[in-house]
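Report on the structure given below.
Please read all numbers here as calculations on a predicted model, not as lab measurements. Heads up: numbering here begins at 1 and tracks the sequence.
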Amino acid sequence: MDFLIVNGEIVSKTEANLTGFLWDEPFTISQKVWFGYGGIPLFNENIDFISRQLQELKLLLPDNFRNTRELFRITKRMLNKNKFYRSGIVHFQLFISRDKINTLVTSIAFPEFEFPFSMHGLLVNFSGLKKNAELPLNRFQFYNMPNWVTAEAQNRDTQFHSSILVNEKNKVCGGLFSNIFMVKENVLYTPSFDTGCYEDTLRSVVIEQAHSMNLKVAETSGIGKEVLLSMDEIFFASEELGIQWILGVENKRFVHNYSAKIHEKINEYLKKKAEG
């Protein structure tokens with residue numbers, strides 16, 4: 001990446017001075033958005049998510065984020081200047097200090113054209129960390145990030161690539177940096193919001209595409225560890241990491257049938273959105 005957007009202006013990486021962003025110990029809101037097929041398909045949805053998080057903090061979007069059409073234009077221009085023509089991630093960051101919000105938009109490129117899909121499968125465990133299902137900020141990334149980073153660190157030097165999180169009632173509520181989906185006998189299960197699950201733009205897309213495949217969808221608060229281990233298939237989904245099918249949960253192994261099909265449907269959907 002040679003170019004980035006600092007407070008609404010495209011600058012070269014060598015010219016960018018971000019020292020002031022770290023003054024006053026800023027609080028950071030971050031959103032990673034997939035781009036591909038010549039566009040940023042879920043751009044508006046992600047800016048809405050950023051706005052919702054600021055509203056919870058009783059803050060307004062900064063001026064350079066309010067005009068979404070101009071923000072989209074300059075973001076696409078940044079990608080073009082970086083010669084990122086296939087796919088990748090646009091990273092929106094807001095550094096919130098006591099009297100100012102600084103904004104930074106960066107990007108990374110992927111070698112493939114399609115939305116990411118994990119070909120090899122993940123080995124995961126159940127994290128020892130538990131979420132409080134009743135906390136109202138559970139839906140937002142900034143509130144989940146400490147748990148995700150801690151659980152990820154606990155997996156270092158182990159065979160596990162990621163973890164499944166449960167709440168104080170020992171009910172499944174998500175994966176690390178992602179939502180979790182499970183399939184059993186033509187039904188797609190995912191934790192409901194009252195479990196304390198994370199919400200992102202891709203969650204509703206997965207549910208919509210599952211409906212289009214004639215899968216029944218159940219958003220539920222009743223999936224414990226034993227129920228999860230009885231599923232036929234499990235996968236994580238997020239814009240940053242794509243579709244990650246679960247090869248195994250601790251010693252139990254799973255297939256990957258519907259996750260690959262849902263990935264195909266998501267690609268079709270994102271391509272149409274990118275093309276307008």
Please report the interatomic distance [atom1]([X]) to [atom2]([Y]), rounded to the nearest 0.5 Å.
X: Gln141; Y: Ser30; atom1: CD; atom2: OG; value: 5.0 Å
X: Asn7; Y: Asn64; atom1: CG; atom2: CG; value: 6.0 Å
X: Thr103; Y: Ile5; atom1: OG1; atom2: CD1; value: 8.5 Å
X: Ile266; Y: Glu239; atom1: CD1; atom2: CD; value: 10.0 Å
X: Leu60; Y: Gln55; atom1: CG; atom2: CD; value: 8.5 Å
X: Asn125; Y: His161; atom1: CG; atom2: NE2; value: 11.0 Å

Above 12 or not: heavy atoms from other molecules or residues under 6.0 Å from [atom1] of [X]?
X: Asn251; atom1: CG; answer: no
X: Lys184; atom1: NZ; answer: yes
X: Lys252; atom1: NZ; answer: yes

Flag yes if [X] and [Y] sit in one hydrophobic cluster, no otherwise; membership is Ile, Leu, Val, Met, Phe, Trp, Tyr, and two members link when side-chain heavy atoms are under 4.5 Å apart.
X: Phe65; Y: Ile40; answer: yes
X: Ile262; Y: Met231; answer: no
X: Val187; Y: Ile234; answer: yes
X: Leu71; Y: Leu79; answer: yes
X: Phe21; Y: Val11; answer: yes

Where is the tightest heavy-atom contact between [X] and [Y], given as atom of each residue plus distance?
X: Thr19; Y: Asn17; result: OG1-OD1, 3.0 Å
X: Leu129; Y: Leu165; result: O-CD2, 4.0 Å
X: Lys131; Y: Cys173; result: CD-SG, 3.7 Å
X: Cys197; Y: Ser192; result: SG-O, 3.7 Å
X: Ile74; Y: Gly8; result: CD1-O, 3.1 Å
X: Phe160; Y: Glu250; result: CE2-CA, 3.9 Å

**OP:** In plain terms, say whether Glu70 and Arg73 are close enough for a salt bridge, that is, a side-chain N and a carboxylate O under 4.0 Å apart.
**Re:**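 Arg73 and Glu70: salt-bridged.
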
Counting C-beta onward and ignoring hydrogens, is there a side-chain heavy-atom pair between [X] and [Y] closer than 4.5 Å?
X: Pro191; Y: Ile180; answer: yes
X: Glu152; Y: Phe177; answer: yes
X: Val172; Y: Lys225; answer: no
X: Glu219; Y: Arg203; answer: yes
X: Leu54; Y: Pro62; answer: yes
X: Phe254; Y: Val183; answer: no
X: Ile96; Y: Pro26; answer: no
X: Asn82; Y: Arg77; answer: no

Subject >> Residue pair Phe236, Leu241: steps toward the side chain to side chain contact (heavy atoms under 4.5 Å, CB included) verdict >> reply: CA-CA 9 Å; Phe236 292 156; Leu241 301 173; over 6 Å; no

Subject >> cation_pi(Lys13, Phe3) dist<6.0 Å, angle<=45 >> reply: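 Verdict for Phe3: no cation-pi partner in Lys13.
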
**OP:** Decide yes or no on side chain to side chain donor-acceptor pair (under 3.5 Å) for Asn147 and Lys130, but give the supporting numbers first.
**Re:** CA-CA 9 Å; Asn147 275 344; Lys130 293 187 179 181; over 6 Å; no

Flag, side chain of [X] to backbone of [Y], donor-acceptor distance under 3.5 Å:
X: Lys32; Y: His91; result: no
X: Ser87; Y: Glu112; result: yes
X: Asn144; Y: Asn138; result: yes
X: Trp245; Y: Ala260; result: no
X: Ser230; Y: Val227; result: yes
X: Ser51; Y: Ile47; result: no
X: Lys76; Y: Gly38; result: yes
X: Gln31; Y: Phe49; result: no
X: Glu233; Y: Tyr258; result: yes
X: Arg86; Y: Phe113; result: no

Subject >> Steps toward side chain to side chain contact (heavy atoms under 4.5 Å, CB included) verdict (Ile223, Met182) >> reply: CA-CA 10 Å; Ile223 300 176; Met182 298 146 280; 3.5 Å; yes

**OP:** Using the ring-ring contact (aromatic ring centres under 6.0 Å, His included) rule, collect all pairs that involve residues 181-232, keeping only residues at least two apart or in two chains.
**Re:**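 Checked against ring-ring contact (aromatic ring centres under 6.0 Å, His included) - neighbours excluded - the pairs reaching residues 181-232 are Trp148-Tyr198, Phe181-Phe235.
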
Original post:
Taking the six-membered ring for Trp, are Phe117 and His263 parallel (under 30°), tilted (30 to 60°) or perpendicular (over 60°)?
Top reply: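 Tilted, since the angle between the ring planes falls between 30° and 60°.
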
**OP:** Please report the C-alpha distance between Glu45 and Lys273 in whole Å, then the side-chain angles of each, then the deciding distance to 0.1 Å, and finally whether the salt bridge (Lys or Arg N to Asp or Glu O under 4.0 Å) criterion is met.
**Re:** CA-CA 12 Å; Glu45 291 87 342; Lys273 279 205 59 126; 2.7 Å; yes

Please check if any side-chain donor atom of [X] sits under 3.5 Å from a side-chain acceptor atom of [Y], or the reverse.
X: Asn80; Y: Tyr85; answer: no
X: Asp2; Y: Ser12; answer: no
X: Asn132; Y: Asn167; answer: no

**OP:** Check step by step if side chain to side chain contact (heavy atoms under 4.5 Å, CB included) holds for Asn179 and Val206.
**Re:** CA-CA 10 Å; Asn179 286 287; Val206 171; over 6 Å; no

Original post:
What do the steps show when you test Leu4 against Ile10 for side chain to side chain contact (heavy atoms under 4.5 Å, CB included), and what is the final call?
Top reply: CA-CA 6 Å; Leu4 57 158; Ile10 296 178; over 6 Å; no

**OP:** Could you please spell out the steps behind the salt bridge (Lys or Arg N to Asp or Glu O under 4.0 Å) verdict for Glu268 and Lys271?
**Re:** CA-CA 5 Å; Glu268 293 172 6; Lys271 187 174 183 180; over 6 Å; no

Original post:
For the ring pair Phe27 and Phe142, is the centre-to-centre distance below 6.0 Å?
Top reply: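 Yes, the ring of Phe27 comes within the 6.0 Å limit of the ring of Phe142, centre to centre.
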
